[in-house]
Amino acid sequence: MTEDDLRQLIGRVKRGALSRRGFIRRMAAVGLTAPMATQLLAIAGAAPAASQSLPAYTPTQRGGGQLKILYWQASTLLNPHFATGTTNQDASRIFYEPLANWAPDGTLVPLLAAEIPSVENRTLAEDGRSVTWKLRRDVKWHDGEQFSADDVVFNWEYARNPATAAVSIGSYRDIEVRKVDDFTVRVEFARPTPFWADAFVATRGMLIPRHLFKDYVGGTSRDAPANLRPVGTGPYRFESFAPGDIVRGTANTSYYMPNRPFFDSMEIKGGGDAVSAARAVLQTGEYDYAWNLQVEDEILKRLEAANRGRVNVVEGGNIEFIMLNQTDPWNEVEGERASIKSTHPSLTDPAVREALSLLVDKKSIEDHIYGRGGPAASNFLNNPPRFRSENMKWEFSIAKANEILDRAGWARGRDGIRAKGNVRLRYVFQTSINAPRQKTQAVIKQAASRCGIDIELKSVTASVFFSSDVANPDTYTKFWSDIQMYTTTMTQADPQLFMNQYVSWEISSQENKWQGRNIVRWRNEEYDAAFRAAEGELDPVKRAALFIKMNDLVVGNHVVIPVVRRPLVSASLNTLVSPLSGWDSTIAFLYNWHRTA
Amino acid sequence: MTQYVLRRLLIAIPSLLGISVILFTVLALAPGDPFEELATNPAVPPDVRAALRASLGLDDPVHVRYFNWLFAMLRGDWGYSFVSRIDVDDLILQRLPTTLIVIGSSQILALMIALPVGVYAATRPYSIFDQIANTLAFIGFSLPTFFTGILFILFFSIYLDWLPFVYRSDIPGSGLPWFWEHVKQSIMPIAVLGLFQGAAWTRFVRSAVLDVIRLDYVTTARAKGLAERVITIKHVMRNALIPVVTLVALSMPAVFGGAIVTEQIFRVPGIGSLLITAILANDTPVIMAVTFVVSILVILFNLLADVLYGWLDPRISYR
């Protein structure tokens with residue numbers, strides 16, 4: 001599809017000759033992700049007023065009784081700016097709301113904003129340097145105070161102050177926020193910013209009230225009483241909270257959306273384990289909804305047989321993948337293992353990498369290990385299933401792998417292990433301790449052994465593997481082994497942050513205390529150039545093409561091997577309508593949750 | 001006596017200090033990081049994480065952190081949870097009632113089983129009752145609580161659908177229905193813990209009573225023509241239970257410490273589950289506070305057990 005075709009298509013959407021959904025589908029056919037396609041419409045001035053991918057809200061009155069949600073991890077705090085981890089973000093989301101939510105199809109849904117900014121309405125600057133948000137005028141905080149632009153500006157001041165120690169600082173420190181009038185704010189960027197929907201949107205954008213937090217900016221932030229007794233704008237008011245156990249809310253009867261919320265009260269109970277959480281919904285019906293069920297699919301299917309509830313599978317961008325170290329993890333160069341100055345003796349050979357990628361039996365891994373929770377993946381950048389690059393294909397073939405290695409001169413030695421000169425194909429393959437990962441490791445090891453590659457498996461406790469402990473040699477950011485596997489998460493509908501994992505200036509090394517994001521330590525000028533271009537590219541079509549190119553570069557060079565996508569799996573009672581989005585918090589659409597008879 | 005108690009209390013101070021040094025060092029040496037979740041979140045820049053660590057004093061050397069903790073503790077400041085961002089004492093106080101109710105009731109249940117069964121079995125050794133009681137006791141304390149817990153859930157919650165298996169500390173409502181809800185959800189965790197403890201204590205009570213029942217003074221009492229019931233209750237039990245009292249006193253710190261596994265299975269928000277989540281999240285101040293309080297209680301109840309022992313058995317003197 002050329003640029004002209006696209007402009008024509010957008011024109012048809014603008015004239016109303018083509019539905020927005022039809023447009024997104026066509027974009028999908030050429031490998032554009034839904035969020036991108038919709039942002040494309042937004043910038044081109046055909047932004048949707050509201051997402052079309054949410055189920056209709058049918059109840060005509062309130063009074064739906066109690067909603068009981070079960071998380072196997074408990075929330076520990078209720079200030080969204082301190083919320084580390086999904087559980088805390090979700091618990092805060094009951095009470096606090098952002099300006100807009102991400103819908104399942106990657107469109108923005110206005111919440112505290114009156115409308116989604118667009119070029120057409122002159123709320124989105126054409127040079128990509130500012131975005132103007134118009135706010136709803138009918139929103140009141142739970143204590144009766146009026147919600148206004150001052151609150152929005154305050155959140156920026158609060159979060160960007162390093163002394164506040166907010167984890168949301170990354171979204172706020174590089175922007176300027178100006179109050180235009182009482183119900184309008186303008187976000188200004190230092191550079192042209194194609195992805196403008198970060199600050200004040202979704203998980204990072206939950207707004208806290210100025211009148212309760214204004215005395216607690218900076219060093220005193222931890223003393224704010226409202227940290228534990230939230231006063232927000234959301235569909236449920238705060239009732240009680242026991243950190244690490246349960247959070248409860250009651251219906252906010254003066255909520256700004258009609259007939260909402262449906263339930264009189266709601267609670268999120270935390271703790272326990274995923275299997276029994278699934279049981280409590282699917283088998284005994286004690287709870288209405290159970291979050292993040294990383295449970296073997298067979299068990300879920302057996303529980304579903306009770307016919308009380310269903311399993312929800314929501315697609316996002318998370319992916320379980322394998323990394324092939326491009327530096328030498330076993331020999332020190334200038335006192336550093338896996339130094340960027342070294343090269344891996346065999347994994348820098350494209351033939352070896354290609355052979356390894358042919359040895360991952362993704363179909364068996366999907367069928368026998370992950371089930372619905374892990375469909376086989378051929379791309380690293382995976383957005384909703386219909387929207388991914390069509391250029392990458394995966395294959396499992398031991399014969400082909402053997403052929404490639406033979407051709408590249410890796411001959412089998414006496415012990416059956418291939419070698420060239422004094423370099424032997426022996427690898428240490430590490431991952432965190434987690435049953436499906438150990439099974440996947442075994443599947444790959446077996447295939448590799450039939451190909452003359454000897455793999456030693458290593459499993460590290462998750463709390464060590466995923467820690468940022470500089471003193472520990474087994475963390476995933478140090479990657480002091482040949483091969484490793486884990487899930488990387490995509491927390492936004494935009495891939496910019498996600499794709500910086502392979503740029504050369506992010507390489508993880510001793511110098512940056514192994515906090516760089518490029519853990520595989522791959523350097524590619526073409527990739528760097530594409531990323532730099534995408535950062536400043538305002539034309540969404542060109543920008544999308546750049547990201548697809550980056551995906552194809554990193555996957556096509558077999559530096560990483562995508563294994564399975566990891567959609568979010570949860571369980572609901574059959575009677576519960578619980579709209580979920582893979583691009584936003586579980587709780588994002590809580591205001592629409594209801595029960596059918 | 002007072003002198004003895006005072007001396008013991010003074011000895012307790014260095015041992016507590018020693019305990020705290022060991023706990024703190026072990027925690028400092030353990031791998032992990034309270035901001036692990038931030039590490040895997042691409043949206044949080046590394047320098048934000050570093051600033052957060054610095055603001056909570058995590059980058060100071062171990063000994064500086066230890067003395068900061070110690071002086072704060074001496075002033076009554078239990079510390080500040082990294083994960084919940086509130087004071088640790090609030091966190092513990094919130095969990096205390098549930099722990100006391102659930103674990104306390106299970107200990108009472110255990111005593112109510114162990115005393116009558118143990119004494120009765122000992123008065124009729126090797127009878128059918130004794131054999132059955134022994135067998136059950138062996139089964140009871142050889143089955144771990146995580147196994148019986150799941151067994152109970154499968155049978156009572158899933159097969160029979162009688163009892164809920166998710167414990168809720170704040171059930172809304174009041175009056176009888178509210179009370180009944182609490183009873184219903186507590187039955188399984190209390191039974192699991194109580195039966196396990198009870199089985200062990202039954203064996204102990206039985207052997208303690210058997211030791212006493214063969215002594216000459218019991219035969220004398222029989223010769224006086226006293227009723228068997230009077231002999232058992234007034235003469236045998238009083239002496240036999242002295243070691244049992246010690247045992248029970250020593251298990252009291254556990255009531256505070258909670259039952260980690262059982263609390264996890266039934267989602268009881270007690271001290272045990274607080275401790276395990278704190279350990280998993282590397283929330284050092286919470287781990288320190290809970291373990292330190294438990295060690296204080298262990299030392300206190302040890303002293304209490306010794307004092308009680310002397311009071312119950314005047315033959316023992318303190319020097």
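Just so we're clear, the structure is a prediction, and the values are computed from it rather than from any experiment. We name chains A, B, ... by the order of the sequence lines, and we start the count at 1 in each one.
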Should the heavy atoms of other residues, nucleotides or ligands under 6.0 Å from CH2 of A/Trp505 be counted, would the total exceed 12?
yes
So, A/Gln283 side chain and B/Ile158 main chain: donor-acceptor pair closer than 3.5 Å or not?
no
Quick one: what part of A/Pro243 sits under 4.5 Å from any heavy atom of chain B, side chain, backbone, both or neither?
both
Residue part contacting chain A, namely of B/Phe266, when any heavy atom lies under 4.5 Å
neither
Could you state the interatomic distance from CG (A/Leu77) to CZ (B/Phe82), rounded to the nearest 0.5 Å?
14.0 Å
Checked A/Ala163, A/Pro162, A/Ala277 vs chain B; the most non-hydrogen pairs under 4.5 Å come from A/Ala277
Bottom line for A/Thr487: the part with an atom under 4.5 Å from chain B's heavy atoms is neither
Locate the shortest heavy-atom distance separating A/Lys269 from B/Pro269; write the atom from each residue and the value.
NZ-CD, 4.0 Å
Could you tell me the separation between the CG atom of A/Asn88 and the OG atom of B/Ser84, rounded to the nearest 0.5 Å?
8.0 Å
Determine, step by step, whether A/Leu70 and B/Arg267 satisfy the side-chain contact (heavy atoms from CB on, under 4.5 Å) criterion, reporting the C-alpha distance in whole Å, the side-chain angles of both residues, the deciding distance to 0.1 Å, and the verdict.
CA-CA 11 Å; A/Leu70 198 54; B/Arg267 294 180 165 79; 3.9 Å; yes
Examine A/Arg222 relative to B/Tyr80 and say whether NZ or CZ is less than 6.0 Å from the centre of the six-membered ring and inside a 45° cone about the ring axis.
yes
For B/Leu91, is it the side chain, the backbone, both or neither that has a heavy atom under 4.5 Å from a heavy atom of chain A?
side chain
Apply side chain to side chain donor-acceptor pair (under 3.5 Å) to A/Arg279 and B/Ser157, showing your working.
CA-CA 10 Å; A/Arg279 221 182 257 297; B/Ser157 300; over 6 Å; no
Chain A contact via B/Gln264 - side chain, backbone, both or neither, heavy atoms under 4.5 Å:
both
Taking every heavy-atom pair that is under 4.5 Å apart, which of A/Ser265, A/Gly271, A/Ser240, A/Ser168 has the most such pairs with chain B?
A/Gly271
Should the heavy atoms of other residues, nucleotides or ligands under 6.0 Å from CD of A/Gln66 be counted, would the total exceed 12?
yes
Need one label for A/Arg173: side chain, backbone, both or neither, based on atoms under 4.5 Å from any heavy atom in chain B.
side chain
With a 4.5 angstrom heavy-atom cut-off, could you sort out which part of A/Leu228 is near chain B: side chain, backbone, both or neither?
side chain
Among B/Leu274, B/Asp161, B/Val166, single out the residue with the greatest number of heavy-atom pairs under 4.5 Å to chain A.
B/Val166
Measure A/Ala166 against the heavy atoms of chain B and call it side chain, backbone, both or neither at under 4.5 Å.
backbone
Relative to chain A, which segment of B/Arg168 carries a heavy atom at a distance below 4.5 Å: side chain, backbone, both, or neither?
both
Would you please go through residues 139-155 of chain B and name the residues with a non-hydrogen atom below 4.5 Å from one of chain A, in numerical order?
B/Leu154
The interface call for A/Glu267 against chain B, heavy-atom contacts under 4.5 Å, is side chain
Which portion of A/Phe465 sits near chain B, non-hydrogen atoms under 4.5 angstrom
neither
